[in-house]
Amino acid sequence: MEVIYSPSFVRQYKSLQVSLKLEVKQKIALFQDEKNHQSLKVHKLKGKLKEQYSFYVNYKIRIVFWYTEAKPREALLLAIGDHDVYNE
């Protein structure tokens with residue numbers, strides 16, 4: 001799966017601690033192989049984010065994304081953070 005990074009995701013990523021950045025890179029690499037989606041707990045969101053999805057980096061940090069319509073196997077990473085990321 002191809003992954004694209006939104007400008008807001010890149011800004012949020014740059015503000016993370018170095019150790020967390022490494023963990024994020026590892027999880028994104030796992031995400032690119034759809035066989036790992038169950039272990040990452042990829043799930044569709046509800047409410048105002050109903051068109052978006054999320055997966056776990058760790059117990060606290062989530063990545064919000066959506067599948068693009070241009071290509072069926074392409075995801076745009078929108079945001080990264082704790083549960084507050086769902087309120088942005």
Side-chain angles (χ1 to χ4, degrees):
M1 174 180 306
E2 188 175 339
V3 173
I4 302 170
Y5 305 92
S6 71
S8 60
F9 179 89
V10 173
R11 275 193 310 277
Q12 292 166 344
Y13 174 82
K14 286 181 179 180
S15 69
L16 299 175
Q17 296 176 354
V18 175
S19 61
L20 187 54
K21 286 180 182 180
L22 179 60
E23 190 174 2
V24 168
K25 286 180 182 179
Q26 292 171 344
K27 296 298 179 162
I28 291 172
L30 285 174
F31 173 71
Q32 289 179 299
D33 183 354
E34 291 183 42
K35 295 176 188 172
N36 297 317
H37 283 200
Q38 188 172 6
S39 67
L40 294 171
K41 299 182 178 165
V42 173
H43 60 282
K44 188 169 175 72
L45 299 175
K46 297 177 182 177
K48 68 178 183 173
L49 303 176
K50 66 182 178 182
E51 299 299 320
Q52 299 172 8
Y53 295 79
S54 176
F55 68 88
Y56 288 46
V57 172
N58 58 32
Y59 182 75
K60 185 177 179 182
I61 304 298
R62 310 286 188 269
I63 292 178
V64 176
F65 69 97
W66 64 279
Y67 293 107
T68 66
E69 294 179 14
K71 294 182 181 177
R73 294 288 127 222
E74 183 177 76
L76 174 63
L77 303 187
L78 301 168
I80 184 169
D82 59 14
H83 283 275
D84 291 340
V85 77
Y86 299 133
N87 297 324
E88 294 180 0

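Position 1 is the first residue of the sequence; numbering continues from there. Just the heavy atoms: all of them, side chains too, but no hydrogens, waters or symmetry mates, feed the values below.
Between the side chain of Q52 and the backbone N or O of V64, no donor-acceptor pair lies under 3.5 Å.
When all heavy atoms of W66 and L78 are compared, the pair lying nearest together is CD1-CD1, 3.2 Å. Among all heavy-atom pairs drawn from S54 and F65, the shortest one is N-CE2, 3.8 Å.
In this view, E51 satisfies the side chain to side chain donor-acceptor pair (under 3.5 Å) rule with no residue, not counting sequence neighbours. With sequence neighbours excluded, the residues that form a side-chain contact (heavy atoms from CB on, under 4.5 Å) with K60 are N58, D82. Taking E74 as the reference, T68 meet the side chain to side chain donor-acceptor pair (under 3.5 Å) condition, with sequence neighbours excluded. Here F9 pairs with Y5 under the ring-ring contact (aromatic ring centres under 6.0 Å, His included) rule; sequence neighbours left out. Under the rule for a side chain to side chain donor-acceptor pair (under 3.5 Å), the partners of S8 that lie at least two apart in sequence or sit in another chain are S6. Among residues two or more places apart in sequence or in another chain, the side chain to side chain donor-acceptor pair (under 3.5 Å) test is passed with Q17 by none. For E69, the salt bridge (Lys or Arg N to Asp or Glu O under 4.0 Å) test picks out no residue, with sequence neighbours left out. Not counting sequence neighbours, H43 has no partner by the ring-ring contact (aromatic ring centres under 6.0 Å, His included) test.
In this structure, CD1 in I63 is found 8.5 Å from CZ in F31, a value given to the nearest 0.5 Å. Here CZ of R11 is found 13.5 Å from CD1 of I80. Values are rounded to the nearest 0.5 Å. Between M1 atom CE and I28 atom CD1 the span is 12.5 Å, to the nearest 0.5 Å.
Among residues at least two apart or in separate chains, salt bridge (Lys or Arg N to Asp or Glu O under 4.0 Å) pairs with a member in residues 12-34 are E34-R73.
Side-chain atoms of L22 and V18, non-hydrogen and from C-beta on, never get closer than 4.5 Å to each other. Side-chain contact between F55 and H37 is absent, with no heavy-atom pair separated by less than 4.5 Å. Contact of the L16 side chain with the I61 side chain is not registered, since no non-hydrogen atoms from C-beta on lie closer than 4.5 Å.
Cluster annotation: Y56 and L20 are assigned to distinct hydrophobic clusters (Ile/Leu/Val/Met/Phe/Trp/Tyr, side-chain heavy-atom contacts under 4.5 Å, transitive).
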